[in-house]
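I have placed the structure first, in the form of structure tokens, so that the comments after it can refer back to it.
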Amino acid sequence: MRMSSLLSQTLREAPSDAEIASHKLLVRAGYIRQLAAGIFTSMPLAKRSLTKIENIMRDEMNKIGGQEMSMPVVHPAEIWQATGRWWKVGPEMGRFKDRNGRDMVLAMTHEEAVVAVVKDEVQSYRQLPMMVYHIQTKWRDDPRPRAGLIRVREFTMKDSYSLDRDWEGLDIQYANHYQAYFNIFGRCKLPVIAVKSDVGMMGGNMAHEYMYITPVGEDTLLLCDKCGYSANRQIAEFQKTKPHQETPLDREKIATPGMKTIAELAEFLDIPESKTAKAVFMVAAKQTEGGEVEQLVFAIVRGDMDLNETKLVNALGAKSLRPAVDEEIKAAGAVPGYASPVGLKDIVVVVDDLIPESPNLVAGANQEGYHFKNVNYGRDYKADIVTDIAAAGDGDACPNCGAAMRAVRGVEVGNIFKLGTWYSEAVGATYQDADGTEKPIVMGSYGIGSGRLLASIAEEYHDEYGLIMPVTVAPYEVHLVELSGGKQDSEKVGEVAEQLYQDLTAAGIEVLFDDRDESPGVKFNDADLIGIPLRLTVGGRSLQNGGVEAKLRHEKEKSLLLLDEVIDRTQAILNGLYKEIEGSLKTVELES
RNA sequence: CGGGGUGUGGCGCAGUUGGAAGCGCGCCGCGUUUGGGACGCGGAGGUCGACGGUUCAAGUCCGUCCACCCCGACCA
């Protein structure tokens, strides 16, 4: 490709609305342009990188038996109604009516589309196991797109779906994906870790998220450096230190004027936060026979801990959870800021399992300006559910080995999920087994967003001058720069560069040829910005030395390639880069 | 949805007490220059986010709306 005709302009300054490095650089280097909030155009450079990323995905999916297909972006509402998600999902789902007034859906994911087709196509156990995948556009009307390509509304995703007779079959396909995903990220040179994640209400017994660790990430993870335990904060467990046992003292009402937060209360009474009980009111939505029902929930964790809403949802078997508003709290007979578990009605009380172990806590008195001292679980109140609903944080003890865990931020670049039979049962996607009985297909779903992956790579590989793309995903392999503007040998420089462009291309090497009439500084700076791994420079100076200058983007040193060796040497350098990446792939163990 | 911020040429920005819209980069032409974002001269390009109001006069003041960014809520 000749840069003189490339649809991409580099920018000396990043648009003011870009904040993180990958966003700024991808825009400055001319890879992407924003069309609206969370909606981006992939310019030719980005498109080439994305195609490479997607071809790596194809390759790894094919290796584990995947069949590529393509499912529609626009779905009839019926298939989403069949699984109930038409009602379950809120405004995040894009909906519209076609000309005949039929409700239509913009695909946010393709479980519905898969089961819709599989339902009719798969009838016998003889057809299973099977794995299909596609690379397709999704629309999720996220309330807050951010960070360039990291979090967008319209995006492309590789999603695969495994279909099995039984859970044992799913285990195999899940393990295949677990490894394949490490291969994909490895071939993109992106360091990731797999962490256990929430399986939610869809059943299943396992889900992993592939996380790229970076401060710009929006998920919080807990990692144990000692034993390797890792989990999304949503489900992370931890060992809770049991407090000293004390004799339960008499309950006592004390005046605590204006003390509405735990911090204020602890300060006021001069006690540690761990001697208080934190009350959190939530409203849980539950699906019942008669439709959706809301239930006020009173959750209690110790004052020094935070409520983990995911754990609470799972404990309740609820569909979703939202903070209660003051009116709802008052209606239940509680006083916001001074709420007490003592003496409430019509409310589900969920208590963290550390609370019964913690004697003589300070809790609200259900009266403005008053708290109770020495509240004891069992004696003063009882819960409907006692379980772990506290959020793990930095420094908490690892559930496996007890070492202090680290809390880090990460971007979720992929996930794998044992769906089980939730979808297949919902739509009647069944097969006839060898014994003649009809059984639901056991499914798994597995996704990787290609744009988010590109952004993560850009985030990981850049310096103050620009991007440093790994060879496997760089838009081109070689950036050929000709400096024919000089007095010295200017005609010859142009000829050699032109010939080299032809020869390299003929040798199957992907070349971006900077044939523009620009000064050397401009060309070098643009090359650094775009971040193609190998730069070849043809100039009067290099010709005097008998060849062209080679420089790897990630190294400082330059070397001279003799003219008649350029093709071979270039190929050798590139092969080295590819081998380094392929050689870094590892076999991973999936713990059961 | 709550809090904060920003909307002026492709990008970055200035625009005072209201008085005929500017700068840098980029773009076009001519010339000089040519190994790390060169220089001179001459140009093109803007319904100042939209609508309404106040005023002799609005980029500037008032109102409503919209878009985009950041924090939070949310996130199959």
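Proteins come first, then strands; the chains are lettered A, B, ... in the order of their sequence lines, and each starts at number 1. Just so it is clear, the structure is predicted and the values come from calculations on it, not from any experiment.
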Query raised in the report: Considering heavy-atom distances to RNA chain B, does A:V522 or A:E218 have its closest nucleotide positioned more toward the 5' end?
Result: A:V522
Rounding to the closest angstrom, what is the interatomic distance between [N] and [M] at atom [atom1]?
{"N": "B:C11", "M": "B:G45", "atom1": "C1'", "result": "14 Å"}
{"N": "B:U60", "M": "B:G7", "atom1": "C1'", "result": "14 Å"}
{"N": "B:U34", "M": "B:A38", "atom1": "P", "result": "13 Å"}
{"N": "B:G22", "M": "B:G3", "atom1": "C1'", "result": "35 Å"}
{"N": "B:G42", "M": "B:U47", "atom1": "C1'", "result": "28 Å"}
{"N": "B:U54", "M": "B:A44", "atom1": "C1'", "result": "37 Å"}
{"N": "B:C56", "M": "B:C61", "atom1": "C1'", "result": "16 Å"}

Query - Donor-acceptor pair present, A:R28 side chain and B:G37 base, under 3.5 Å - result: yes
Query - Side-chain donor/acceptor of A:R535 to base of B:G36, under 3.5 Å - result: yes
Mind checking [X] for me? I need base, sugar-phosphate or nothing, with any heavy atom below 4.0 Å counting as a touch.
{"X": "A:R33", "result": "nothing"}
{"X": "A:P145", "result": "sugar-phosphate"}
{"X": "A:S542", "result": "base"}
{"X": "A:G521", "result": "sugar-phosphate"}
{"X": "A:A527", "result": "nothing"}
{"X": "A:D517", "result": "nothing"}

**Report entry** For A:S160, the option from A:E68, A:H134, A:H177, A:Q173 that meets side chain to side chain donor-acceptor pair (under 3.5 Å)
**Finding:** A:H177
Query raised in the report: Taking the side chain from A:K311 and the backbone from A:A236, do they hold a donor-acceptor pair closer than 3.5 Å?
Result: yes
Show me the protein contacts with nucleotides 9-12 of chain B, counting only N or O atoms at under 3.5 Å.
from  : atom 1 : to    : atom 2 : distance (Å)
B:C11 : O2'    : A:E13 : O      : 3.1
B:G12 : OP1    : A:S16 : N      : 2.6
B:G12 : OP1    : A:S16 : OG     : 3.4
B:G12 : O2'    : A:E13 : OE2    : 2.9

Query raised in the report: Just wondering, do A:F524 and A:T537 contact through their side chains at under 4.5 Å, heavy atoms?
Result: yes
Query - Parallel, tilted or perpendicular: ring planes of A:Y210 versus A:Y178, cut at 30 and 60 degrees - result: tilted
Report summary line: Per-residue pairing states of RNA chain B in dot-bracket (Watson-Crick or G-U under 3.5 Å; . unpaired, | other strand) read (((((((..((((.....[..)))).((((((.....)))))).....(((((..]....))))))))))))....
Query - Short side-chain N/O contact from A:S519 to OP1 or OP2 of B:A38, under 4.0 Å - result: yes
